[in-house]
Structures are given as C-alpha cells and as structure tokens.
Undergrad: 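Input: one structure, supplied below.
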Amino acid sequence: MTTTRASWADLDGSVRLAVAARLEGPILAAEPVPTGFNSEIAVRLVTTEGSVFVKGLRLGHPRVWTQRREAEVNAFLPGIAPKMLWHLEVDGWSLVAFEHVEGRHADYGAAEDLELMVDVLSRLGRTPCPPIELRRAEQQWALYVDDPTVPARFAGDALVHTDLNNENVLIPQDRAFLVDWAWATRGAPWIDPALWVIWLIAAGDHSPAAAEAWAAGVPAWETGDPRVMDVFAQAQARMWADIAGADPDPWTAGLNQAAQRWASFRRR
C-alpha cells in the first residue's frame, strides 16, 4: 500500500509551528524527499543551525503504528540508523525527526557499496533485539508455508530490518546507514541477509548464486539451516506472487521475478 504525499506547505499552520518549536533556529527551507513508500510527508528542513529529516503519517492512517515503531527502535541502533531527534503527535499528525544524513542511496551493482552493506548487516547481527513490541518472523510468513511446524524455525532473538530496498540504505562516505525501520521484526539472525539476496537479484547485476555469495559475507547467514532457508525462499516467492497479482507495476514485477529466481535456485 503506497501513500499520497503531502508537502510541508500542506500541513496546518499549528503543525508547522509545533515542529518549528522543536528545531534549533528558524526554518530557511523545506525540501521534499521523494523516495520511500511509507510516509505521507517526508521533508528536509533546513535551519540556521543545520538540517533535520522529518517524516510523518496522519494519525488516522492504518499504518501510523509504524511511526511509533521507528521511534521506539531507534535508540537501540546507534551507528546503524540515523539518530532520532524527536517524535511528535499533534493536530492529526504523527511526525518523527532524525538527524539529516547527507549521502546517496546504495548501488547494489557496485562492489564497494555491497561491502558496506555486509558491514552494516554484520553490525546489526551483533545488536541485541530490544525489549519492545515487534512483529515476529514466525507469524509474518506462516501463511506462505505448507508445513505448519516450519515457521517456528524463522523465530529468533535477532533484530531484523526486513526491507533492504537500496533506497533504505544511505551512504554518506565510507559507511552505510539503514533507514525506514517501519517493518522491524524479531526473528532468526539469517533472515536479513536472506532477504537481501532478493534485492540483489532484482538489481539486475547478480545471479542467485552471486547474490548468495555476498549474503554469505554476513556472519549471520551461516546460522541458517539450508533446508529451512529453502522453505523461506519458497515463502518469499509465494508472498511476492501474491503481492504482484495479475497486473503488477514494474517495480513489484521485478521483485516478484527475483523472488521466483531465488526460490528456483534453492529448489535445484
């Protein structure tokens, strides 16, 4: 489910004033951030003291809980995600502000960016799962697994991102930051590198074998039972086929094709 974007000027004056009261210095410019699917507003606010990134959803939006989830999980991700500055709910809006990271999105066809991804996923794999409410992997994909005993093998005490779209990776210089933690999940530590395989295939520069070779650079990959990972790959193929439906947009079609290729590779 995508969202319709609002601009900074579309917000009620009371909301803009509440945001301005949280900032250091007056707002000089409001620059829309076009990437991402999960926000109704995403904007870089430039002040005399620097910049902040603000994203938000209306309080009536069915996914407004993702705003609170991002706010809760951020404190446990130093050096992995940009630091959250504040979370504000005012006059019909839920808004979260982060330190602004000046960088580019990851290029999954570039080896240097893939090495930075291996690094950040490795560091994430060493991060304890916080004691907050999160989605659970064994429930999230159970619908797409035939054997009802297998999803329990997706469970674990790792914090997993689950949405490793290259646009959710910011590279300022020599390290990667993971952004958009709306779908943070508690699960087995191998899940993120496994899901990354699909994004690498979808990028068009990697065969399933080559994608898995990069994923294997993340230590957590080796903790996965290959037979369970086979079932997990089939579950991803079924999920993306379900999402794609009969007439998918090109982006969804590409991910569906990538998931099918990975599942076929695992079957062989």
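Computed from a predicted model, the values in this text were never measured in an experiment.
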Undergrad: Write down the atom of Gly187, the atom of Ala137, and the distance for their closest heavy-atom approach.
TA: CA-CB, 3.8 Å
Undergrad: I'd like to check Trp8 versus Leu45 (side-chain heavy atoms, cut-off strictly below 4.5 Å). Are they in contact?
TA: yes
Undergrad: Main chain of Glu24, side chain of Glu49: is a donor-acceptor contact present, judged purely on distance under 3.5 Å?
TA: no
Undergrad: Test Val150 against Phe232 for side-chain contact (heavy atoms from CB on, under 4.5 Å), laying out the working first.
TA: CA-CA 9 Å; Val150 172; Phe232 185 77; over 6 Å; no
Undergrad: Atom CG of Asp157 and atom CZ of Arg186: how far apart are they, to the nearest 0.5 Å?
TA: 6.0 Å
Undergrad: Check the angle between the aromatic planes of Trp141 and Phe154 and answer parallel, tilted or perpendicular using the 30° and 60° thresholds.
TA: perpendicular
Undergrad: If every non-hydrogen atom of Asp205 is compared with every non-hydrogen atom of Gly109, which pair is closest and at what distance?
TA: OD2-CA, 3.4 Å
Undergrad: Write down the atom of Leu134, the atom of Cys129, and the distance for their closest heavy-atom approach.
TA: CD1-SG, 3.6 Å
Undergrad: Do any N or O atoms from the side chain of Thr223 and from the backbone of Pro219 form a donor-acceptor pair under 3.5 angstrom?
TA: no
Undergrad: Donor-acceptor check, side chain of Asp91 to backbone of Val15, threshold 3.5 angstrom: yes or no?
TA: no
Undergrad: Do Val218 and Trp190 come close enough that some side-chain heavy atom pair is under 4.5 Å?
TA: no
Undergrad: Between Phe98 and Lys83, does a side-chain contact (heavy atoms from CB on, under 4.5 Å) hold up when you go through it step by step?
TA: CA-CA 6 Å; Phe98 298 90; Lys83 181 182 178 181; over 6 Å; no
Undergrad: Looking at CD of Gln234 and CD of Gln260, how far apart are the two atoms once the value is rounded to the nearest 0.5 Å?
TA: 8.5 Å
Undergrad: Say whether, by atom type as modelled, one donor and one acceptor occur between the side chain of His100 and the main chain of Val52 under 3.5 angstrom.
TA: no
Undergrad: Going through the checks in order, is the side chain to side chain donor-acceptor pair (under 3.5 Å) test met by His61 and Ser94?
TA: CA-CA 10 Å; His61 194 283; Ser94 174; over 6 Å; no
Undergrad: At what distance, to the nearest 0.5 angstrom, does CG of Leu57 lie from CG of Asn38?
TA: 7.5 Å
Undergrad: So His161 and Leu77, do their side chains get closer than 4.5 Å, heavy atoms only?
TA: no
Undergrad: On a heavy-atom basis, which atom in Arg261 and which in Ile201 lie closest, and how many Å separate them?
TA: NH1-CG2, 3.5 Å
Undergrad: Between the main-chain N or O of Ser39 and the side-chain N or O of Arg63, is there a donor-acceptor pair closer than 3.5 Å?
TA: no
Undergrad: Do the side chains of Leu11 and Val64 join up, straight or via other hydrophobic residues, at under 4.5 Å, putting them in one cluster?
TA: no
Undergrad: Might you point out which heavy atoms bring Ala202 and Gly254 nearest each other, and give the distance in Å?
TA: CB-O, 4.1 Å
Undergrad: Working to the nearest 0.5 Å, report the span between CG of Leu255 and CE of Met239.
TA: 8.5 Å
Undergrad: Is it true that Arg58 and Glu40 have a side-chain N and a carboxylate O under 4.0 angstrom from each other?
TA: yes
Undergrad: Would you say the side chains of Glu212 and Trp262 form a donor-acceptor pair under 3.5 Å?
TA: yes
Undergrad: Whether Arg68 and Glu89 form a salt bridge (side-chain N of Lys/Arg under 4.0 Å from carboxylate O of Asp/Glu) is what I want to check.
TA: yes
Undergrad: Look at atom CG of Asp249 and say whether more than 12 heavy atoms of other residues, nucleotides or ligands are closer to it than 6.0 Å.
TA: yes
Undergrad: Measure the CD1-CG distance between Ile41 and Leu95 for me, rounded to the nearest 0.5 Å.
TA: 7.0 Å
Undergrad: First locate atom CD of Gln257, then atom OG1 of Thr252, and finally report the distance between them rounded to the nearest 0.5 Å.
TA: 11.0 Å
Undergrad: Arg136 and side-chain hydrogen bond (donor to acceptor under 3.5 Å, both in side chains): which partner among Gln140, Glu138, Gln139, Glu133?
TA: Glu138
Undergrad: Using 4.0 Å as the upper bound for N to carboxylate O, is an ion pair formed by Asp180 and Lys55?
TA: yes
Undergrad: Can a cation-pi geometry be assigned to Arg267 and Phe265, taking NZ or CZ under 6.0 Å from the six-membered ring centre and within 45° of the ring axis?
TA: no
Undergrad: Using modelled atom types and a 3.5 Å cut-off, is there a donor and acceptor pairing between side-chain atoms of Arg126 and backbone atoms of Leu121?
TA: no
Undergrad: Look at the side-chain heavy atoms of Ile, Leu, Val, Met, Phe, Trp and Tyr, link any pair under 4.5 Å apart, and say whether Val160 and Ile132 land in one connected group.
TA: yes
Undergrad: Count the heavy atoms belonging to other residues, nucleotides or ligands that lie under 6.0 Å from CZ of Arg22, then report whether that count exceeds 12.
TA: yes
Undergrad: Check Arg238 with Asp146, please: is the shortest side-chain N to carboxylate O separation under 4.0 Å?
TA: yes
Undergrad: Show, in sequence, the C-alpha distance, side-chain angles and deciding distance for Leu88 and Val19, and conclude whether the side-chain contact (heavy atoms from CB on, under 4.5 Å) test is met.
TA: CA-CA 8 Å; Leu88 177 67; Val19 170; 4.3 Å; yes
Undergrad: Step by step, work out the side-chain contact (heavy atoms from CB on, under 4.5 Å) result for Val96 and Trp86.
TA: CA-CA 6 Å; Val96 184; Trp86 43 260; over 6 Å; no
Undergrad: Between Arg268 and Asp230, does any NZ, NE, NH1 or NH2 come within less than 4.0 Å of an OD or OE carboxylate oxygen?
TA: no
Undergrad: Quick check: do Met84 and Glu70 have side-chain heavy atoms less than 4.5 Å from each other?
TA: no
Undergrad: Below 4.5 Å, heavy atoms only, C-beta onward: do Trp199 and Asp163 meet side chain to side chain?
TA: yes
Undergrad: Is there a salt bridge (charged side-chain N to carboxylate O under 4.0 Å, His left out) between Asp12 and Arg16? Walk through the geometry before answering.
TA: CA-CA 7 Å; Asp12 289 343; Arg16 285 183 275 126; over 6 Å; no
Undergrad: Is there a side-chain contact between Leu195 and Ile191 (heavy atoms, below 4.5 Å)?
TA: yes
Undergrad: For Arg153, is the CZ atom crowded, meaning more than 12 foreign heavy atoms sit under 6.0 Å from it?
TA: no
Undergrad: Would a 4.5 Å heavy-atom cut-off, applied to side chains only, mark Arg135 and Arg69 as touching?
TA: yes
Undergrad: Spell out, yes or no, whether Leu170 and Val33 are grouped together once hydrophobic residues are joined by side-chain heavy atoms under 4.5 Å, including indirect joins.
TA: no
Undergrad: Report yes or no: do Phe177 and Met117 belong to one cluster of Ile/Leu/Val/Met/Phe/Trp/Tyr joined by side chain heavy-atom distances under 4.5 Å?
TA: no
Undergrad: Taking Asn165 for the side chain and Asn168 for the main chain, is one N or O donor matched with an acceptor at less than 3.5 Å?
TA: no
Undergrad: If every non-hydrogen atom of Val118 is compared with every non-hydrogen atom of Gly217, which pair is closest and at what distance?
TA: CG1-O, 3.4 Å
Undergrad: I'd like to know if the side chain of Thr162 reaches the main chain of Trp183, judged simply by a donor and an acceptor atom lying under 3.5 Å from each other, with no hydrogens or angles considered.
TA: yes
Undergrad: In terms of hydrophobic clusters joined by side-chain contacts under 4.5 Å, are Val54 and Val101 together?
TA: no
Undergrad: Using atom types as modelled and distance alone, determine if a side-chain donor or acceptor of Arg175 lies under 3.5 Å from a backbone N or O of Ile80.
TA: no
Undergrad: Is any side-chain heavy atom of Val197 less than 4.5 Å from a side-chain heavy atom of Pro208?
TA: no
Undergrad: Taking Asn166 for the side chain and Ala106 for the main chain, is one N or O donor matched with an acceptor at less than 3.5 Å?
TA: yes
